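Presented below is the structure to which this report refers.
All of these numbers come straight from a predicted model, not from anything done at the bench. In what follows, chains are A, B, ... by sequence order, proteins preceding strands, each numbered from 1.
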Amino acid sequence: MRQYILFKDALKGLWKENPVFRQLLGMCPTLAVTNAAIFGLSMGLATFFVLLCSSIIISIFRRVFPHQVRIASFVVIIATFVTVVDLFLKGNFPEISKALGPYVPLIVVNCLILGRQEVFASKNPLHRAVADALGMGIGFTLALIALASIRELLGSGTIFGVQILTLVGEGGRFRPWIIMLLPAGAFLTLGTMIGISNFFTGRAAKKSACH
Amino acid sequence: MRIRSFRGGVHPPEEKITSQKPIQELPLPKKVVIPLSQHTGVPARPTVKVGDRVKTGQRIGEAQGPISSNIHTSISGKITSIENHPHPLGPPSLAITIESDGRDEHHPSVKHNNDYFKLHPNEIREIVRGAGIVGLGGAAFPTHVKLSPPEDRWIDTVILNGCECEPYLTCDHRLMIEKTYEIIEGLKIIAKTLEVTSCYVGIEKNKEDAIKAMREEIRNKANMEIVSLKTKYPQGSEKQLIEAILNRKVPSGGLPLDVGVVVQNVGTALAISEAVKKGRPLIERVITVTGRGIKNPANLRVRMGTLFKDMIDYCGGFAGKPGKIIMGGALMGFAQHTLDVPVIKGTTGILLLTEDEVNIEEPQPCIKCARCVDSCPIYLLPLYLGIYGEKELWRKCEELGALDCTECGCCAYICPARIPLVQLIKLAKQEIAAYRKKK
Amino acid sequence: MKIMSDTVKMIAVLTIVGLISGGFLTFVYEQTISKAERKSLESLRKAIFVVLPEAVDYQELKLADQILYQGIDKSGQKVGLAFLVEGSGFQGKIEIMVGVDQDLSRLQNIQVLESVETPGLGGKITDQEFQDQFKGIAARPKITYVRNRNPVTPKKPGEIDAITGATISSKAVADMINKEIVRVWEALQ
Amino acid sequence: MNELLLIIISAVVINNFVLKYFLGICPFLGVSKQVEASLSMGMAVTFVMTLTAPVVWLINTFILVKFDLRFLEYVTDIIVIAALVQLVEMFIRKTSHGLYRTLGIYLPLITTNCAILFSALFLVLRGYNLIQSTLFGFGSGVGFTLAIVIMAGIREELDFADVPEALQGAASTLIIAGFLALAFMGFSGMPTK
Amino acid sequence: MGNQLLVSLLTMGGLGLILSIGLAIANKRLKVEVEEDPRIQEIASVLPGLNCGACGFAMCSGFAKALVEGKAPANGCIPGGEEVAKQVASILRIEVEAREKKIAKILCYHRGKARTQFDYQGLENCRAANLLFGGNKTCLYSCLGLGDCIEVCPFDAITLVNGKIEIDEERCTGCGKCVSICPKGVVALIPEEKKVHILCNSKDKGAIVRKICKEGCIGCGICVKVCPEEAITLKDNLAYIDYEKCTECGICAEKCPTHVIQVTSNIEQ
Amino acid sequence: MKEEHFLVSTSPHIRSAEDIPKIMYAVIIALIPVAIASIYFFRLWAIKLMAVCIITAMGTEDIFQRLRKKDITVFDGSAIITGLLLAFILPPSLPLWAASLGTFFAIALGKQIFGGLGYNIFNPALLGRAFLMATFPVLMTTWTKPFSLDVVTSATPLAQMKFAQSFVSHQSLFLGNVSGSLGETSALAILIGASFLLIRKIIDWRIPAGYLGTVVLLSSIFWFIDPKGFADPLWHLLAGGLILGAFFMAPDMVTTPVTKRGRWVFGIGCGLILIVIRSWSGLPEGVMYSILLMNAITPLINRFTHPRIFGEQK
Ligand SMILES: Cc1cc2nc3c(=O)[nH]c(=O)nc-3n(C[C@H](O)[C@H](O)[C@H](O)COP(=O)(O)O)c2cc1C
Ligand SMILES: Cc1cc2nc3c(=O)[nH]c(=O)nc-3n(C[C@H](O)[C@H](O)[C@H](O)COP(=O)(O)O)c2cc1C
Ligand SMILES: Cc1cc2nc3c(=O)[nH]c(=O)nc-3n(C[C@H](O)[C@H](O)[C@H](O)COP(=O)(O)O)c2cc1C
Ligand SMILES: Cc1cc2nc3c(=O)[nH]c(=O)nc-3n(C[C@H](O)[C@H](O)[C@H](O)CO)c2cc1C
Ligand code: SF4
Ligand code: SF4
Ligand code: SF4
Ligand code: SF4
Ligand code: FES
């Protein structure tokens with residue numbers, strides 16, 4: 001029974017309550033950094049890490065935080081882990097760090113993370129909080145990769161840098177869709193993806209549950 | 001000089017096919033059906049019983065309350081029933097059926113008054129009230145009420161409405177040519193009753209002969225002017241008429257009397273003069289029977305209560321297959337579902353459209369062309385009234401001024417998407433009234 | 001009384017959270033700083049050596065508000081100056097390391113360090129092909145660009161080909177280098 | 001003077017936070033159903049941004065840079081924002097009921113609005129001085145307001161359109177945001193600061 | 001290193017301290033007592049959340065507030081029925097009197113398929129059509145079948161089947177929205193378990209009804225006479241059943257000459 | 001037994017002759033001179049491009065209406081206009097597959113996802129072009145000289161002004177002997193069609209008047225200040241897609257304000273944005289962006305320009 005609950009906690013993040021497609025949480029990084037799959041993956045993992053660590057801390061100490069400074073404390077904890085990730089990326093993956101630029105610090109205010117702390121970690125025991133964070137983190141990462149792959153494929157003909165469609169200049173016939181790498185393309189692609197997923201699951205997406 | 005007019009409006013084909021046809025007298029009908037509700041306000045109460053014998057001009061219905069009107073029999077004969085009968089404006093309602101005795105004997109109350117010019121305004125009001133006169137321009141508002149403004153209101157102008165802006169209709173046009181003198185007499189009586197100094201008659205430019213005749217008649221009369229107006233619908237709507245002639249704007253939700261004006265139809269003026277001079281109550285009027293759906297279009301003088309089928313038969317019957325039978329004009333008239341309805345005081349004409357003239361296009365989504373906005377003489381946004389109406393957002397309709405709409409039909413006429421805007425607005429008005437009442 | 005203790009608790013918790021966070025971050029920072037800083041220094045160094053191919057070492061020269069990198073070759077000779085130029089292109093900031101001859105007459109090489117130009121369009125300024133155009137061209141009177149060059153006409157000195165569809169980015173690169181060279185020249189006088 | 005104007009203009013239209021940098025998307029999607037509400041939200045954001053910018057600048061210049069503690073930037077920024085928002089909320093609630101009704105309810109939502117944190121980080125990155133920072137904060141807020149109010153206007157209109165079910169809500173909003181971003185591209189390449 | 005750690009601790013700790021003290025002061029000085037009764041939330045969470053308005057309040061939350069303030073009866077939520085009423089009552093710690101569930105019934109045999117007297121063109125909307133001569137049906141009291149009730153029903157209980165309006169008794173919660181919107185007043189709320197109905201709304205005289213509708217109530221009064229419980233009365237040429245008295249014996253249905261009285265199980269629903 | 005019934009409906013009982021298809025086909029007729037001019041200048045390319053765009057537009061409309069099980073209104077003319085106008089604002093040498101993709105985007109995302117004719121917020125043809133512009137900027141800025149059937153890239157007058165500070169003569173601009181989009185080259189042809197629309201009152205004169213007026217006013221001011229750096233007003237009027245945009249795209253009723261005051265605001269706003277973009281942005285041409293941006297705020301304009309109801313007191 002216990003396993004079952006944990007399983008459910010973890011699984012719901014993948015599709016039923018997918019933070020991107022279903023809950024529309026953390027939209028800014030979702031849109032901003034997904035013009036190449038590798039960035040989507042990095043951003044997803046970074047977010048995942050912060051989510052997991054802060055969920056653990058907050059779940060453990062959930063009874064300590066007084067109501068009035070609850071959010072402030074959560075935010076500080078999250079910001080701390082974000083700084084850790086940021087330093088880590090700067091030290092080890094300077095290119096990625098540069099590409100993600102200011103969107104790494106924005107993980108601090110990613111509604112997904114704060115939202116999960118508010119709704120879940122601060123109210124549930126450690127093991128469930130971890131399961132939830134795992135599900136949400138993986139769901140978020142997968143969604144980012146999916147969106148980023150589509151944009152990268154159409155925008156540059158590659159996925160994770162691997163050439164899939166040969167370009168016009170290089171003997172192929174594909175002309176990259178530059179819009180896919182631009183803000184407009186991000187909005188359009190995500191909008192269309194959400195539309196299609198609604199079409200197949202037969203329900204209109206919940207309105208932004210972010211704030 | 002700029003032709004005087006108003007902003008907005010439409011110009012549908014004029015179709016005044018009967019404008020040169022003199023008024024004919026319809027032979028006495030065998031039977032008339034006289035509804036007790038022929039006017040704005042409370043229906044009259046019958047004062048006769050089944051089986052009673054009545055004489056032409058005898059009062060058979062008594063006004064109930066301040067806004068109501070007396071009803072008189074238009075022929076002499078026997079009352080055969082007092083029960084619900086189809087009414088041209090709504091569900092069947094109480095009506096008095098009279099079978100003619102063919103003699104058209106006048107009731108003794110109908111008698112000439114040679115000293116009419118000596119009457120006191122209040123006496124005139126009493127005569128008008130007693131004669132059951134209501135506006136003949138269509139709205140059938142009791143005239144004595146208009147002639148009795150509250151003490152604190154200052155009326156300075158009377159306008160006679162001879163625009164007849166609706167396509168097809170020509171009865172007012174013919175009256176102005178054939179009864180010029182009586183109309184001006186009526187105008188004088190009104191002016192005297194209201195103690196006003198300036199009088200105007202507004203006539204659309206497409207009735208040159210009427211303008212000429214009327215100008216001829218008022219020569220040497222300093223306080224009267226015949227104003228020639230642009231031919232544009234709804235020039236005859238009183239708010240627009242006042243704007244065009246006096247450049248005054250009747251306030252939203254207000255009445256002409258708020259800007260010191262009384263507007264009367266030319267037919268009403270005639271009726272007033274007949275009542276005051278000859279003691280005749282309102283028992284007959286001129287109507288236009290017209291349209292491509294009738295064999296011999298005509299202007300007819302008919303007794304109130306004459307059934308539509310009698311007039312249509314007199315005019316030679318249908319030409320081709322009838323599509324729609326309309327009481328009134330093409331833009332504001334009421335489509336009828338039976339020919340068993342009687343002429344009432346507000347009937348200005350009977351319009352018969354043939355089957356292929358009847359529009360049955362399906363409405364399309366609004367394309368925001370804003371033709372409706374440009375044509376609305378009240379400066380509403382009909383398209384939003386329609387859009388909000390479809391979604392039943394009545395409060396939004398109210399905010400947008402749905403209650404100010406005169407239902408002139410310009411918007412729906414012009415709409416290329418064929419959206420039934422007027423119907424939506426009518427529904428909105430009903431719903432707004434309903435929730436206002438609940439509050 | 002209860003309010004009091006609530007308030008104290010609230011203050012205490014937030015302060016402690018702050019303290020822990022501060023301490024923890026300082027610790028992490030100390031662990032990673034050297035690495036991160038080394039990396040970014042390294043990229044700067046690398047860029048200097050790219051744009052001054054002959055140099056093996058450099059010195060920092062601090063002028064009024066600029067930093068110049070004086071390239072030095074094996075024999076200790078001065079082999080040119082390198083400096084960072086910055087400006088805005090079509091989409092935003094562009095940052096380039098530029099290497100010039102000691103007398104500022106000729107470009108040795110450039111390297112675009114930062115650009116947010118449209119990928120696939122202005123983004124091509126980071127392509128080697130584009131940057132290579134600047135190798136050894138005359139810096140005076142100024143660097144010019146041409147759009148859609150007719151392949152037959154020969155290049156004038158100090159001229160580069162603009163990227164098709166990205167005239168603005170190309171122009172921005174040329175303009176900002178021109179401007180900075182003038183500034184450096186004035187500063188050196 | 002010219003430069004200051006340019007900072008505002010570029011923050012409002014050219015480098016619009018929502019349409020170019022993808023910031024504050026969550027409220028942009030969530031609170032853009034009605035013009036009035038989004039105007040209030042925009043005003044609240046502008047207010048907080050204008051307020052945080054100088055505070056962040058002061059902390060940054062006089063503590064973080066001075067003591068070489070740049071790595072604490074994120075934490076200090078966010079804590080300032082969180083606390084400021086809360087203070088502002090309490091203040092407004094106490095002083096003006098009307099203002100609280102229009103602005104107040106949106107204030108708590110703002111803490112987690114990434115546009116505000118970004119503007120804090122950005123003004124440091126750009127090396128703005130105190131006045132420039134404040135104007136930048138203000139301009140960015142106005143830019144956000146502009147985007148969200150335009151979106152709200154469109155969405156109010158769409159309530160009466162015949163949008164396929166699957167696209168109603170977030171999907172169509174995102175697609176329209178895409179169109180807006182396309183249209184705003186007309187301003188790219190303008191001189192900015 | 002040591003120095004940096006110290007400053008950083010000071011900064012963070014100081015910031016935390018200052019801000020939390022600021023907040024604490026603000027909390028005390030600026031606090032406004034707007035504490036909401038927690039029961040409002042609690043009740044709102046057990047309400048169905050349909051915001052149908054049947055309770056007479058704007059949205060379910062309005063009703064919850066009214067409940068707590070004692071301005072609304074615990075069983076006011078009609079869709080929620082007894083179940084919700086009980087939960088509400090337990091939150092408010094009061095007793096509720098049981099309430100009979102009623103469902104809507106269209107008191108017209110034809111339910112939209114009555115004979116017409118003219119072709120109507122315009123909005124597919126009963127209230128709009130009613131403005132034109134009271135609708136195109138020959139019988140002035142019959143259902144117009146354009147489905148305003150369908151639109152307004154929050155529970156999708158009403159549908160159009162072969163041109164006839166049908167009410168799904170399972171889905172209908174008796175909220176009464178259809179009753180108040182119908183311009184013809186032909187919908188009535190009737191106790192759910194009652195099965196005998198007079199399916200006519202015509203207040204016309206018998207002779208007229210006979211002429212225009214085979215299945216109308218002609219006001220002959222036979223049912224009034226045969227009903228052993230004296231449950232039927234005649235008013236304006238139309239028979240009404242008093243459901244308090246009706247025992248569903250079905251005698252009236254048998255005797256009615258036009259068969260407008262029907263026992264539900266017999267109707268081809 | 002079906003009785004003979006009369007038809008009953010609410011007034012008015014007559015309708016004006018002009019319905020949606022009539023309006024749309026009038027616009028198509030007005031576009032014929034432009035089509036002829038473009039065929040004259042660009043020969044086969046023009047024909048192919050127009051054909052591909054129109055067919056794709058109609059096909060896309062048809063597919064979406066079938067998918068949504070709605071009435072098929074492919075022949076009401078609006079999709080034809082979208083296709084034709086889109087073709088007119090594309091470079092003549094654009095590959096046909098790209099034109100087709102842009103048209104699909106215009107109809108599918110620009111129009112049908114809002115519910116079809118009447119519901120769209122943005123001008124579909126311009127959205128289609130904006131999409132193509134952002135997707136294939138190089139293809140979209142590769143121009144051809146009139147009468148030459150091979151792709152010799154040559155700059156448009158506006159690009160020449162922006163990047164080379166050189167101006168093409170007014171006469172060439174007016175007659176159309178310059179490179180540029182298919183249909184925007186000849187001001188003469190456009191004006192012929194436009195006057196037909198103005199006379200038939202299909203478009204409201206306020207939008208072009210506001211648009212062109214603002215452009216003339218602002219460009220005169222700038223020109224007086226700096227005659228070398230800025231083009232003269234007439235040149236601004238004739239160059240690029242301004243005339244086509246002002247008479248055929250900006251007045252698209254679906255996407256413009258419904259009040260007269262609103263249409264003034266719309267036209268003037270377009271003019272302002274156009275001059276800003278032409279003068280300071282990185283892009284040479286701004287007609288498309290100016291109209292799209294004003295489309296975006298049309299709902300707000302409508303909201304704030306409600307006319308004062310007759311007799312309404314302040
Ligand atoms: C749209 C519209 C058009 C009208 N057209 C006429 C008209 O042509 N002639 C006319 O006498 N009254 C017309 N009326 C009625 C006038 O507004 C006004 O009620 C009438 O002239 C008053 O005179 P009465 O009371 O004598 O009928 C019209 C009203 C409306 C709303
Ligand atoms: C989506 C998009 C992205 C663009 N990106 C750039 C860019 O990165 N750099 C640039 O110089 N111009 C860019 N432009 C602008 C145009 O390509 C440029 O103004 C125009 O093509 C003039 O260049 P040309 O003279 O080479 O034709 C972009 C335009 C669009 C629509
Ligand atoms: C290009 C053009 C410009 C026009 N300019 C004006 C003008 O400046 N002022 C004006 O009153 N009418 C002008 N008109 C006439 C209008 O088309 C229209 O007839 C007049 O504004 C009345 O419109 P309304 O009845 O909708 O107010 C112009 C017409 C055209 C074709
Ligand atoms: C005067 C007029 C101008 C039009 N202009 C355009 C246009 O610029 N672009 C377009 O796609 N459709 C245009 N249309 C067609 C139609 O209105 C358009 O497809 C709708 O915007 C689609 O809902 C126009 C129609 C008219 C009557
Ligand atoms: S909204 Fe009313 S007043 Fe205006 S045009 Fe339509 S019917 Fe006439
Ligand atoms: S006339 Fe018809 S289509 Fe045009 S805006 Fe008005 S309602 Fe819409
Ligand atoms: S609202 Fe009344 S008239 Fe209309 S369909 Fe329903 S029951 Fe019939
Ligand atoms: S609207 Fe009528 S049918 Fe629907 S649930 Fe309420 S009472 Fe029942
Ligand atoms: S992630 Fe940016 S506002 Fe929610």
Note, L101(F) side chain near W177(A) side chain (heavy atom, < 4.5 Å):
yes

Identify the two heavy atoms, one from R175(A) and one from F136(F), that lie closest to each other, and give their separation to 0.1 Å.
O-CE2, 3.6 Å

So for I113(F), is it side chain, backbone, both, or neither that comes closer than 4.5 Å to the heavy atoms of chain A?
neither

Just wondering, are more than 12 heavy atoms of other shown residues or ligands nearer than 6.0 Å to CZ in F93(A)?
no

Got a sec: does the CG of N92(A) have more than 12 other heavy atoms crowding it under 6.0 Å?
yes

To the closest 0.5 Å, what do you measure between [atom1] ([X]) and [atom2] ([Y])?
X: F199(A); Y: L67(F); atom1: CZ; atom2: CG; answer: 7.5 Å
X: M140(F); Y: I178(A); atom1: CE; atom2: CD1; answer: 12.5 Å
X: L132(F); Y: I179(A); atom1: CG; atom2: CD1; answer: 9.0 Å

Pick one of side chain, backbone, both or neither for L181(A), based on which atoms fall under 4.5 Å of a heavy atom in chain F.
neither

